[in-house]
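The structure displayed is predicted, hence computed values, not measured ones.
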Amino acid sequence: MSTVLAEFLDAYADALRRHLAAPSQDSLSEGYDLGRRALVESISLLDLTENHFRLATEAEQAQPRIDPAPQPRIAETALEFLLQTLAALDIATRGYLDGTRRYEQQRSRADDLAGRDAFRTALVESLQDGFFVADARGTIVEVNSAFGALTGYGPADVPYPVPHPWSLPAGPRYPDLGTEALRFVLPIRHRDGRQLWLAVSTSALVKPENNELIYVGTIRDVTAEHDAQARDQAASRLATAVGAATSVVEVLAVGLDELRRTVGAESAVVTVWPSRNADPEVYVSGSVEQPSGTGVETDPAALDHSARALLERARRRPPRSLFAIPEGAESSEGIVAPLGETGDAALWLRFAAPRAISAADWTLFSLLIGHLSLAVQRARNFDQARATSLTLQRAMLGPIELPPRFSVHYEPALPPLEIGGDWYDVVPLRDGTIGVVVGDCVGRGLSAAVVMGQLRSAGRALLLRGAGPAQLLAELDTVAGRIPGAMCTTVCAAVLDPVRGVVRYSSAGHMPPILADVDKPGRLLEGGRSVPLATFDMPRRPEATTALTPGSTLVLFTDGLVEQRGVDIDDSFAKIAAVLADTAGKLPREVADAVLSRLRPAAGYDDDVAMVVYRQPPAPLRLDVPADADELSGMRRKLKAWFAAAAVPHDLASDLVAAANEACSNSIEHAYRNGAAATERVLLSAECDTERVVIEVTDTGTWKPRSADPGNRGRGIDMMRALTEELEIDHNGPGTRVRMSITLPAIKSPVANPLRGTNRRVAG
């Protein structure tokens, strides 16, 4: 037996005997302390129990045998002490068992968490989408292998603080996690330099152990979808941009700009060969600089031989093919492609900086160039239709060369055909009069144009045969009755007599002409009115006659000029009358432009407009001025204004003013070379008839013969002779008379608006 055990057993025996002798709480506490001592000294429970049983037996045997009844009392008291001693041991045992159980639970839990972590790791790694975990500041603290494959930045290099290494410096800002968007699409730069588009989905979580906010999310490569959408949008923008264009020039004007912006090119050049031997037409958008290897000059007005050869090779390539330049290089300065399928056009796109062209880029370029080619082909079809319609129009609308003092205008409302049922005709007649017809067939388009052409031809034939306005309309009634679609055609016919200064006119349901005297508002000529053609049987058509005062302006037009939605027709008539009050000093062409500008709606005319403007020769001009050089400037201004009133073209009027000024200068300088008296004058007169303008300058001075060697001066007569057709100088009587004359040319007037967009160089 060990000393520790022996000492413990002796102490236990003494304590038990004292308790048996006098049981109390103190003795029980002594027993509890012995139990704790037993735990500390590692006393065996068996030794303790065995010692207690021996001591209790000895106590019972030592008790007197007088009365056997109290014996159970010793046993109970001894058991109470033992239990108190064992209480500390019991508590320790239960605590140990509880600790063991908790340990087992914690161990089991740890094993379970380890298994779940392994499962989570395996699950995350099995995802095809990239997975990431970010803290509240946006720092990426965990990623899976798929994330590394998508971005080039894998798990080995975490964490990735903001700004993330794959973000584009010039790209859009990342949405704040958890605040702006749970799902968004952003461009990134892969570690190898490629640009990708990723779809990002995020969710916010809170860690239970420390309430820390974290974000988990996935990323998915949507570059293909983004590129496809971008291609569709780019194609849609290009198609919309060129959709309203009706000529090749218009298509390229808007199409090249849109194409250049979409592909990020610095310039776009298109060359079109109108024929095999002709120089190509050049269309340019953006700034053209000379890239290495292409030899394109900086001047967009011309391409040098090497650049033209490059585009020449491109146009001979198969349709819908394109190639990079320089060929075979990793980085390309641009692309070249044939445009269309006829082999007569080529396109060159130059990038702002050399770059690698990806498969998606090739798809985009091919799509856009294909759309542009289709638009160019459609515009060519429009151009062909326009050319056809213009040819028909020239054949139907009357003469291109008009008598002096006339102007005609045709404003179509239906492009691109630019042809309809409105017409005009101006016919010089044998007796010096001039026939004018303006008409409007019912309907629009080619069917109305066919009717118009037949009626115009019939009306011209009747005028040449000598029919007056009323007779012309009466016979057109019969013609219109035999032409399908000609019923209800409106016509205004007039015969002008410039010499007598009268106009005879008759109207078949047409807009009344407007006549304006000099510096007075126009007035409607409402006489001679009757119903449209082929509507009722009329025994005779009415006719009216009105005087044409010198310098007056007559305007005949179709209803498209004055009939507008929401506008009272009387207001339109008043506008024309007001315009004519201020146009006495303008050429007939300028009068037509002023009227059209004043009445043109914001959206353009919605019906065809045909208009004829005529200017009656003005009254002769008489100027009597002092023989003073200071008077010449005023004389020139008055003469120039008279020429405008006489409808003399501006360039011809400038020549005549110069010739008249030279004649007046000669009179002042030479006829009165000894000094002109206050009563000595220079007389200038100008007059015109239907075809000629005559100017006379008269003085009362003396004639100065021409010097044999005039030197640097003395060329005035030669100048006058060069600027006029006929020059007569009469110096036989008192003073000198200079007579100059010129024949007014026929008016070269287009029958329709010129083709839109004749400028072949497009500035981008």
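- Looking only at atom types and distance, the side chain of Thr553 has a donor-acceptor partner in the side chain of Arg615 under 3.5 Å away.
- Looking at Asp422 and Tyr410, their side chains never bring a donor and an acceptor atom within 3.5 Å of each other.
- Surrounding CD of Glu475 are more than 12 heavy atoms belonging to other residues, nucleotides or ligands, all under 6.0 Å away.
- Judged by distance alone, the side chains of Thr736 and His731 never bring a donor and an acceptor atom under 3.5 Å apart.
- Judged by distance alone, the side chain of Ser507 and the main-chain N or O of His510 form a donor-acceptor pair under 3.5 Å.
- Atom CD1 of Ile729 is separated from atom CD1 of Ile717 by 4.0 Å, given to the nearest 0.5 angstrom.
- Between the side chain of Arg541 and the backbone N or O of Val531 there is at least one donor-acceptor pair closer than 3.5 Å.
- Here OG1 of Thr535 is found 7.5 Å from CG of Leu533. Values are rounded to the nearest 0.5 Å.
- Separation of atoms CG (Asp559) and CD1 (Ile569) is listed at 7.5 Å; rounding is to 0.5 Å.
- Crowding of Met487 atom CE: a count of heavy atoms from other residues, nucleotides or ligands under 6.0 Å not exceeding 12.
- Here Asp699 does not pair with Arg681 in a salt bridge; the nearest charged N to carboxylate O distance is not below 4.0 Å.
- Residues Val591 and Tyr614 form no side-chain contact, since every pair of their non-hydrogen atoms from C-beta on lies 4.5 Å or further apart.
- Interatomic distance, CG of Asp730 versus CG of Asn732, reported as 5.0 Å (0.5 Å rounding).
- Of the options Leu580, Leu524, Leu548, a side-chain contact (heavy atoms from CB on, under 4.5 Å) to Leu515 is made by Leu548 and by none of the others.
- The number of heavy-atom neighbours closer than 6.0 Å to CG of Asp537, taken from other residues, nucleotides and ligands shown, is 12 or below.
- More than 12 heavy atoms of other residues, nucleotides or ligands sit less than 6.0 Å from atom CG of Asp571.
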Show your working on side chain to side chain contact (heavy atoms under 4.5 Å, CB included) between Val738 and Met740 and close with a plain yes or no.
-> CA-CA 7 Å; Val738 178; Met740 298 171 286; 4.2 Å; yes
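- When only modelled atom types and interatomic distance are considered, Asp440 and Thr558 share no side-chain donor-acceptor pair under 3.5 Å.
- Within 6.0 Å of CZ on Arg565 lie no more than 12 heavy atoms contributed by other residues, nucleotides or ligands.
- The closest side-chain heavy-atom distance from Leu632 to Ser665 is below 4.5 Å.
- A donor-acceptor pair under 3.5 Å is absent between the side-chain atoms of Glu662 and the main chain of Asp718, judged by distance alone.
- Counting heavy atoms of neighbouring residues, nucleotides and ligands inside a 6.0 Å radius, atom NZ of Lys575 exceeds 12 of them.
- The backbone N or O of Gly527 sits less than 3.5 Å from a side-chain atom of Tyr505, completing a donor-acceptor pair.
- Annotation for Pro498 and Gly432: closest pair CD-O, 3.8 Å, computed over non-hydrogen atoms.
- The pair Asp497-Arg504 fails the salt-bridge criterion, with no side-chain N (NZ, NE, NH1 or NH2) lying under 4.0 Å from an Asp/Glu carboxylate O.
- A heavy-atom distance below 4.5 Å is found between the side chains of Glu725 and Ile742.
- Looking only at side-chain heavy atoms (C-beta outward), His409 and Tyr424 stay at 4.5 Å or farther from each other.
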Go through the steps for Met511 and Leu556 under the test side chain to side chain contact (heavy atoms under 4.5 Å, CB included), then give the verdict.
-> CA-CA 8 Å; Met511 294 290 105; Leu556 297 89; over 6 Å; no
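- Looking at every heavy atom in both residues, Pro469 comes nearest to Ala493 through CB-O, 3.5 Å.
- In this structure, Ser597 contributes its side chain and Ala594 its backbone to no donor-acceptor pair below 3.5 Å.
- Side-chain atoms of Ser457 do not come within 3.5 Å of backbone N or O of Gln454 as any donor-acceptor pair.
- The closest donor-acceptor contact from the side chain of Trp642 to the backbone of Ala619 lies under 3.5 Å.
- If you take CE on Met611 and CG on Leu596, they are separated by 3.5 Å, rounding to the nearest 0.5 Å.
- Side-chain atoms of Gln616 and Thr549 form no donor-acceptor pair, as typed in the model, at a separation below 3.5 Å.
- Salt bridge annotation for Glu726-Arg692: present, with a cationic side-chain nitrogen under 4.0 angstrom from a carboxylate oxygen.
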Asp593 and Lys586: salt bridge (charged side-chain N to carboxylate O under 4.0 Å, His left out), yes or no, with the steps?
-> CA-CA 10 Å; Asp593 292 340; Lys586 294 182 179 180; over 6 Å; no
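- Here the CE atom belonging to Met719 is positioned 9.5 Å from the CG atom belonging to Asn666, to the nearest 0.5 angstrom.
- At most 12 heavy atoms of other shown residues, nucleotides or ligands fall within 6.0 angstrom of atom CZ in Arg500.
- Of the possible donor and acceptor atoms, one in the side chain of Ser667 sits under 3.5 Å from a partner among the backbone N and O of Ala663.
- Thr433 places no side-chain N or O within 3.5 Å of a backbone atom of Leu429 that could act as its donor or acceptor partner.
- No donor-acceptor pair closer than 3.5 Å links the side chain of Glu631 to the backbone N or O of Asp628.
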